[in-house]
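Below: one structure, written as C-alpha cells.
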Amino acid sequence: MKVRLFTLAAVAAITLTSQGVAQQNDSLERALADLNSGLTAPTGNSGVAIGGDFRTRNRWFDSDTANATNNRDVDTRARMTFTFNVTESSTAFVGFNGRETWGDAGSGNTPGRFDDPEDTFQLTRSWVSVDSLFGEGGTAKIGRDYYTAGSGRILGSEDWDNRPSTNAGVWYNHPAGGLNIHFAAMTGRENGFNSVGSPGVLTDEGDDFIYVAGFNWVFDYVEQLGPMHLAPYWIRNEDTGAEFESWLGILLSGEFMGFGYEAEYATFEQGDLLDGDAWYIATTIDLEALESIPGVESGGLDVSISSSDEEFRTTGTTRYHNAAGFSDLLGADGLWTPDTDTWQIGLSFSPSESWTGRVAVANVETGAIEWDEIDISLGTTFGGNVEGWFGYAMVDAKTGAFGDEDTFWAVLDLNFGE
C-alpha cells in the first residue's frame, strides 16, 4: 500500500506541473515520509550511544644479546563503538578497530599503518543481545565480541594488544537465584572448506567449537570472612586438530580483615596425551603506614605465586600482559605457560592525589630459562581526560639463551563518547 501511495504521489508530482515546483516537492516529501514511516524505530528505542578510545603507545627496547637491538616504536590504535538500544530488552552493537602493527613492520618490509590490509579500520565486533528471549529471565547474545573465561589465564582477550582477539558464537547468562550461570559456544577452526586443496572444495569435517560453562556466586554466609566470590568453570576446546582439550577450574576471591585474596586452580587434559595442573594465589594488603611518609597518600603490598606443570596447556589466547612483569617474555600463554613457576612482590603507592605508582620484583622459571625482573610504573590523568601510564622493566637473565633486557613503555589513552 505504501509503495502504491509513493508511486501515485510521484506521478502526481510530475504530471501536475501547474501546481508548481514547490508543490511537487511537498508531494514527494509527503510520499517519502509515508513510505519510510514503517522504518522508524520501535517504541522504547532510546537511540544510539557512540563511544570509543584512542591510544598511542611507545616502546623503547634494548637487549644485550649477541644480536643487540635498540628498537623504538610509536604505534596507535583507534576504536569506535555504536550501541543501539533497539527496545527495552534488546541491544545491537558494532565495534570498529584500526591499528598499526605493534612494534614491528606490517606486510612485507613496510611499517604497519592504518591503510595496510592487515591493519585497516575494520568491523571487528558485532553482536545482538536480548533479555528474556524465551521469557525465562536470562540474557542471550549472538555475534562476535571480546571474550574472557574466568580470570583469562586459559582463554581471554588481551586489551594490551592493538587488536584484541575476538570470538564468534552464542553466549547465555542467567541469574538463577544468585548463581549467575554462564554458557558459551564459540566457533573455532572453520572446516567447511578445504584450506589445502582448491578453494571452495567442501570437506567432510565439521567446524570445531569451544565450549565454556560455569557460574559466578557471591555469598557471605560467614560474616567474619566477608563476601566471597566463587567461580567454577569448564572449558572444552575442539579447535586443536588433534584430541580435544578440556579444563576444569575454580576461582575464589574476596577480602578479609584488610587482606584481599585470590586463588585459582585448574586441571588440564588432552585425551590420553597430556594431563597437568596449574595454580595461582595472591594477596593484597593496605599499608596505612605509608601515609606517614610526606607526599604519599596511600599504599599497599601485593604478593603472588604461581605454578604450572610441564604438560599443562592454555588455548594460546590469554590475558598475559604483566602476568609476571612488564617484559611479557612468557608470551601469549601468559602466567600458565607450560613448566613455569613465578613469584612477584609489588609495592603500590600514591605519591599525590592524581598519581599512582608501583615498584615490583619478579622471578620467572620456565623450562631451562630463568630471569629476575624489576618493574617501575607511574600513572595519572592529564588535562583533557587523557590517561597516561609509564613503565620501565629491567630483566636480569640468569640462565637460558637470552641476555639482559631493558624496556620502557609510555602509553597515552583518551576515551570518548559513552
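If you're wondering where the values come from, they're calculated on a predicted model, not measured in any experiment.
- When atom types are taken as modelled, the side chain of Ser157 and the backbone of Ser165 share a donor-acceptor pair closer than 3.5 angstrom.
- For Trp217 and Phe215, the gap between ring centers reaches or exceeds 6.0 Å.
- In this pair, Trp247 and Phe268 present their aromatic rings tilted. The plane angle is within the 30 to 60° band.
- Using a 4.0 Å cut-off between a side-chain N of Lys or Arg and a carboxylate O of Asp or Glu, Asp75 and Arg57 do not qualify as a salt bridge.
- A donor-acceptor pair shorter than 3.5 Å cannot be found between the side chains of Tyr146 and Glu158.
- Side chain of Thr399 to main chain of Ala368: a donor-acceptor pair is present (N/O by atom type, distance under 3.5 Å, no hydrogens or angles).
- Put simply, the side chain of Phe84 reaches to within 4.5 Å of the side chain of Val94, judged on heavy atoms.
- For the pair Phe408 and Asn58, the minimum side-chain heavy-atom distance is below 4.5 Å.
- Side-chain polar atoms of Thr166 and Arg144 form a donor-acceptor pair below 3.5 angstrom.
- Side-chain atoms of Tyr392 and Asp406 include a donor-acceptor pair closer than 3.5 Å.
- Here the CG atom belonging to Asp277 is positioned 10.0 Å from the CH2 atom belonging to Trp336, to the nearest 0.5 angstrom.
- Side chains of Thr342 and Ser306: a donor-acceptor N/O pair is present below 3.5 angstrom, by distance only.
- Remark: Asp309 engages no residue in a salt bridge (charged side-chain N to carboxylate O under 4.0 Å, His left out) (not counting sequence neighbours).
- Ring centers of Trp279 and Tyr265: at least 6.0 Å apart, outside the cut-off.
- Figure legend: Arg153 and Tyr280 shown as a cation-pi pair, the cationic atom lying under 6.0 angstrom from the six-membered ring centre and within 45 degrees of its axis.
- Side-chain polar atoms of Ser327 and Glu373 form a donor-acceptor pair below 3.5 angstrom.
- With hydrogens and angles left out, the side-chain atoms of His174 and Asn180 include no donor and acceptor closer than 3.5 Å.
- Side chain of Glu245 to backbone of Glu238: no donor-acceptor contact under 3.5 angstrom is found.
- Side chains of Asn97 and Gln122: a donor-acceptor N/O pair is absent below 3.5 angstrom, by distance only.
- Of all non-hydrogen atoms in Leu335 and Ala323, the two that sit nearest each other are CD1-O, 3.2 Å.
- Using modelled atom types and a 3.5 Å distance limit, the side chains of Thr139 and Asp131 yield a donor-acceptor pair.
- Trp171 carries Lys141 over the face of its six-membered ring, with the cationic atom under 6.0 Å from the centre and within 45° of the normal.
- Taking every heavy atom of both residues into account, Pro338 and Phe312 meet most closely at CG-O, 3.1 Å.
- A side-chain N or O of Asp333 and one of Thr314 form a donor-acceptor pair less than 3.5 Å apart.
- Side chain of Ser354 to backbone of Thr380: no donor-acceptor contact under 3.5 angstrom is found.
- Taking 4.5 Å as the limit, every side-chain heavy atom of Trp409 sits out of range of all side-chain heavy atoms of Trp60.
- Ring orientation note: the planes of Trp389 and Trp160 are nearly perpendicular, at an angle over 60° on the 30°/60° scale.
- Glu310 CD: 12 or fewer foreign heavy atoms inside a 6.0 Å radius.
- The pair Arg125-Asp145 meets the salt-bridge criterion, since a charged nitrogen lies less than 4.0 angstrom from a carboxylate oxygen.
- The pair Arg99-Asp161 fails the salt-bridge criterion, with no side-chain N (NZ, NE, NH1 or NH2) lying under 4.0 Å from an Asp/Glu carboxylate O.
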